[in-house]
Protein chains: 4
Amino acid sequence: MAGSLNKVQLIGNVGADPEIKSLNSGDRVANLRIATSESWKDKSTGEKREKTEWHSVVVFGDGLVKVIESYVTKGSKIYISGALQTRKWQDQSGADRYSTEIVLKPFNGELILLSGRGDGGSGAGGGGQDQGGGQAAQTQQRAPAGEIDDSIPF
Amino acid sequence: MAGSLNKVQLIGNVGADPEIKSLNSGDRVANLRIATSESWKDKSTGEKREKTEWHSVVVFGDGLVKVIESYVTKGSKIYISGALQTRKWQDQSGADRYSTEIVLKPFNGELILLSGRGDGGSGAGGGGQDQGGGQAAQTQQRAPAGEIDDSIPF
Amino acid sequence: MAGSLNKVQLIGNVGADPEIKSLNSGDRVANLRIATSESWKDKSTGEKREKTEWHSVVVFGDGLVKVIESYVTKGSKIYISGALQTRKWQDQSGADRYSTEIVLKPFNGELILLSGRGDGGSGAGGGGQDQGGGQAAQTQQRAPAGEIDDSIPF
Amino acid sequence: MAGSLNKVQLIGNVGADPEIKSLNSGDRVANLRIATSESWKDKSTGEKREKTEWHSVVVFGDGLVKVIESYVTKGSKIYISGALQTRKWQDQSGADRYSTEIVLKPFNGELILLSGRGDGGSGAGGGGQDQGGGQAAQTQQRAPAGEIDDSIPF
DNA sequence: TTTT
DNA sequence: TTTT
């Protein structure tokens, strides 16, 4: 099927320092936990209530991974956009388990830093953008969208 | 934490007729399975590849439930917008399990019908949903967003 | 026509203190100018280029207006979501002119504060939420979306 | 400024056959008019009201232009995502004028066909767009987002 | 389990 | 100028 849209957008805080791993292919992947919260006043008791939702985010693409490595730490507030993906795996007893994650890939993911050390609340890509070469055109063409991402050399 | 955003948007096809249940409170809930797909040409083999992702959607609010009941069936193409939520439950062995769903609620969810029987591809809310009264203002105010309403009394 | 979507999302900086006006109806309206920027490296010269886009935002609904009044000033970084609207007007010579604005209304608009004085980067609605009454249900129901908005009494 | 987001999403109907022009550079550009509508019941009179909003959309990138050329006509229902841009121009009297448009570029734009002749309601990119080579990776990586590609060589 |  |  074509003609489908699968998009998740979060603004939230990173719950722990990102975990960055290398795949056998040499590619690196970053894993993030992001919290979003809602608060409301309970209709019956009048009390303030709050509920936090935790999201697993998986980031592919060396450009995005480098941004995360350089600028994202526990407590960072970020905007991310990616796609929902449910992964099937087997637990120790061999039973099927499913995990749903938000996946960011180079041409299907955005990350904007909304807080952080030394960046004054600006975007992660605020620093060095792309550096010409094959990737430059992509960054350049994507730039007008106001997106920050894999623009640090990758 | 306030200041967070938790938004999912899908355009896809409904995989089975919606399941509608009544809660003890009398409220009704609709459950949907929505498929989104991606297709691409394999770089090495040149073959066309396709991958389908299945999403569980839970809809609260009698207005939205009525739209689903009336217009959404297996095969319908719809747009939905809601929030990600991971629910914890126990399997038969008492082990913790988690399921991630997209939750639509009256003031935090949209549904647009993009195909369907007898609606000529228009939105579910195409008909006059609201009927004045207390809810009318909400519908009226939300209407400009092009959203499908839960304006049927709920 | 039903079945349409008209949604704009911005993360940017406010260019000047908001202008808040009262309509004859007694309702208040806030006007904001928001800047978004893109930067990229010029393919031919290798120079870094930057382009800023300015957006006119019009906010209805006393709840959202109060948040803006209380927390948004020149330089604030905010997320907003609303609908595109083009307004026709006549210039001094009587010629038709058009202005495109992003319109936020109570049930069709979101505002999240991403920086600001004394709010530690959290959402504008982070403080006092709704206070019961007719609006409470709406705020309460919308809260789960992680949206901040008109939750200060309105 | 980095760290900004400038995103517009529409689902609506195309008001006239697209206009496709060639620039001096040889690149082609497509212009579209898209209608979105809202309908609501008037609180005081109880009458159904409807308001249509017209949007100007400008599409760069030969891939997206080819999809439009092949599949989009007057009356098509489509989803588009792009960035807001206000262009300054001079009228015949030399006075400054401004036009706000939604701009889609290869790496910052999506288009999904939601109706159309012969495509059964599927996406414009339903066919295998990419053809291996340098662009293939991009298409492949973006594909998961459910986006229509500009993967036809451009 | 949808759709093309 | 679309669509229901």
Side-chain angles (χ1 to χ4, degrees), chain A residues 1-6 86 98, chain B residues 10-19 31-40 48-57 67 71-80 112-129 143 146 148, chain C residues 1-6 86 98, chain D residues 10-19 31-40 48-57 67 71-80 112-129 143 146 148:
Chain A
M1 175 183 56
S4 60
L5 178 74
N6 174 358
T86 298
Y98 299 86
Chain B
L10 304 177
I11 292 175
N13 294 287
V14 175
D17 285 339
E19 290 180 19
N31 286 275
L32 293 173
R33 293 283 287 170
I34 298 182
T36 56
S37 296
E38 39 163 314
S39 65
W40 69 95
K48 201 182 162 198
R49 302 281 309 277
E50 176 159 342
K51 186 176 161 222
T52 295
E53 193 67 38
W54 286 96
H55 309 270
S56 289
V57 178
V67 170
Y71 299 108
V72 176
T73 59
K74 176 175 171 172
S76 294
K77 190 180 209 79
I78 62 178
Y79 165 90
I80 63 103
I112 299 174
L113 302 178
L114 300 171
S115 74
R117 303 150 207 285
D119 77 350
S122 58
Q129 299 292 12
I148 272 313
Chain C
M1 174 182 56
S4 61
L5 177 75
N6 175 358
T86 297
Y98 299 87
Chain D
L10 303 178
I11 292 176
N13 294 286
V14 175
D17 286 338
E19 289 180 21
N31 287 274
L32 294 172
R33 292 285 286 172
I34 298 182
T36 57
S37 296
E38 40 164 311
S39 65
W40 69 96
K48 201 180 161 200
R49 302 280 310 277
E50 177 159 340
K51 186 176 161 224
T52 295
E53 192 66 38
W54 286 96
H55 308 271
S56 290
V57 178
V67 169
Y71 299 108
V72 177
T73 59
K74 176 176 171 171
S76 295
K77 189 180 208 80
I78 62 177
Y79 164 90
I80 63 103
I112 298 176
L113 302 178
L114 300 171
S115 73
R117 303 148 208 288
D119 77 351
S122 59
Q129 300 292 14
I148 272 313

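Predicted model only: the values in this text are computed from it and were never measured. Numbered from 1 within each chain, the chains take letters A, B, ... in sequence-line order.
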**Q** Can you name the side-chain contact (heavy atoms from CB on, under 4.5 Å) partners of B:Asp17, sequence neighbours left out?
**A**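 For B:Asp17 the side-chain contact (heavy atoms from CB on, under 4.5 Å) partners, ignoring immediate neighbours, are B:Thr73, B:Lys74.
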
**Q** Of the listed nucleotides (E:dT4, E:dT1, F:dT2), which one gets closest to any side-chain atom of B:Trp54?
**A**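 So the nucleotide nearest the side chain must be E:dT1.
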
**Q** Quickly work out the D:Lys51 NZ to F:dT1 P distance and round it to whole Å.
**A**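 Going from NZ in D:Lys51 over to P in F:dT1 covers 19 Å.
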
**Q** Which of the following nucleotides, F:dT1, F:dT4, E:dT2, is nearest to the side chain of D:Lys74?
**A**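 Of the candidates, F:dT1 comes closest.
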
**Q** What nucleotide among E:dT1, F:dT2, E:dT2 has an atom nearest to a side-chain atom of B:Thr52?
**A** E:dT2

**Q** What is the distance, to the nearest angstrom, from the CG atom on B:Leu114 to the P atom on F:dT2?
**A** 21 Å

**Q** Decide whether B:Arg49 and B:Ser39 meet the rule of one side-chain donor and one side-chain acceptor closer than 3.5 Å.
**A**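 No, B:Ser39 and B:Arg49 have no side-chain donor paired with an acceptor closer than 3.5 Å.
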
**Q** Tell me: CG of B:Asn13 to C1' of E:dT4, nearest whole Å?
**A**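 After rounding, the reported distance stands at 9 Å.
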
**Q** In whole angstroms, how far is the C1' atom of E:dT4 from the CD1 atom of D:Ile112?
**A**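 After rounding, the gap between these two atoms is 14 Å.
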
**Q** Ignoring hydrogens and geometry, is there a side-chain-to-backbone donor-acceptor pair from B:Thr36 to B:Gly12 under 3.5 Å?
**A** no

**Q** Rounded to the nearest Å, what distance is computed from the CD atom of residue D:Glu19 to the P atom of nucleotide F:dT1?
**A** 14 Å

**Q** Figure out the OH/P separation between D:Tyr71 and E:dT4, and round it to whole Å.
**A**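 To the nearest whole Å, that distance equals 14 Å.
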
**Q** D:Ile78 CD1 to F:dT1 C1': how many Å, rounded?
**A**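 Between C1' of F:dT1 and CD1 of D:Ile78: 14 Å.
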
**Q** Could you state the atom-to-atom distance from CD of D:Glu50 to C1' of F:dT1 in whole Å?
**A**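 That distance rounds to 14 Å.
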
**Q** From C-beta outward on B:Arg33, which listed nucleotide comes closest to its side chain: F:dT1, E:dT2, E:dT1?
**A**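 Of F:dT1, E:dT2, E:dT1, E:dT1 is nearest to the side chain of B:Arg33.
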
**Q** Can you tell me which nucleotide in F:dT2, E:dT2, E:dT1 comes closest to the side chain of B:Ala35?
**A** E:dT2

**Q** Apply side-chain hydrogen bond (donor to acceptor under 3.5 Å, both in side chains) to D:Thr52 and D:Ser37, showing your working.
**A** CA-CA 4 Å; D:Thr52 295; D:Ser37 296; 2.9 Å; yes

